[in-house]
There are 2 protein chains.
Amino acid sequence: MPRVHIDVMPKDEILDPQGQAIERALPQLGFAGVRSVRVGKHFELDVDDTADLEERVRAMADSLLANSVIERFRYHVEP
Amino acid sequence: MPRVHIDVMPKDEILDPQGQAIERALPQLGFAGVRSVRVGKHFELDVDDTADLEERVRAMADSLLANSVIERFRYHVEP
């Protein structure tokens, strides 16, 4: 069964306090060299078939999974 | 600057009420054929260099990003 992976991330111009908190915590935990951290959501959907999949995934993301005002999404299909 | 993508997902045996809610909402919104939905987190880290990157990413995920009792993680590096 094909699995669709969808990442929903805050747009670049949107403040991401959770990412900033991780960014600040990392050096204190001994991890240097991380410049920027952004946090979003990851969805894994098992789908029956791949007919019109691109169109269906975009519609699902637009209507339910992502808030297009503040978030962008990308996806890929694992066959 | 290389970007590390880390997905943190609930383990298969862990209940995922958010995923179940989406699974139930999709048919009502007209999307058929989605069998299973799991929801997790997606992290994007911009890193200075790729020295020991695999080791560092695993350590970061173990100590800060994922709760290994209930979550698993996977990652890939975008050069």
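Computed over heavy atoms, backbone and side chain alike; hydrogens, waters and symmetry mates excluded. A, B, ... follow the sequence lines: proteins, then strands. Residue 1 opens every chain.
For the pair A:Met9/B:His42, a side-chain contact is recorded, criterion being any heavy-atom separation below 4.5 Å from C-beta on. Side-chain contact between B:Glu44 and A:Val39 is absent, with no heavy atoms from C-beta onward closer than 4.5 Å. A:Asp7 has its side chain within reach of B:Asp7: a pair of non-hydrogen atoms, C-beta onward, lies under 4.5 Å apart. Counting heavy atoms from C-beta outward, B:Val47 and A:Arg35 have side chains that stay 4.5 Å or more apart.
Contact annotation for B:Leu29: only side-chain heavy atoms (C-beta onward) come within less than 4.5 Å of a heavy atom of chain A. Looking at B:Ala59, the atoms closer than 4.5 Å to chain A (heavy atoms on both sides) sit in the backbone and in the side chain alike. Only the side chain of B:Leu65 comes within less than 4.5 Å of a heavy atom of chain A; its backbone N, CA, C and O stay farther away. For a residue to count as touching a neighbouring chain, one of its non-hydrogen atoms must lie under 4.5 Å from one of that chain's; by this rule A:Ile22 touches chain B with backbone and side chain alike.
Separating the CE atom in B:Met1 from the OG atom in A:Ser36 is a distance of 8.5 Å, to the nearest 0.5 Å.
Residues of residues 70-79 of chain A lying under 4.5 angstrom from chain B, judged on non-hydrogen atoms, are A:Arg72, A:Arg74 by number.
Under the 4.5 Å side-chain heavy-atom criterion for Ile, Leu, Val, Met, Phe, Trp and Tyr, A:Val37 and B:Val8 are members of the same hydrophobic cluster.
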Handout entry: Derivation of the side chain to side chain contact (heavy atoms under 4.5 Å, CB included) call for A:Leu45 and B:Arg38
Key = CA-CA 7 Å; A:Leu45 282 67; B:Arg38 305 284 285 175; over 6 Å; no
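Among all heavy-atom pairs drawn from A:Arg56 and B:Phe31, the shortest one is O-CE2, 4.0 Å.
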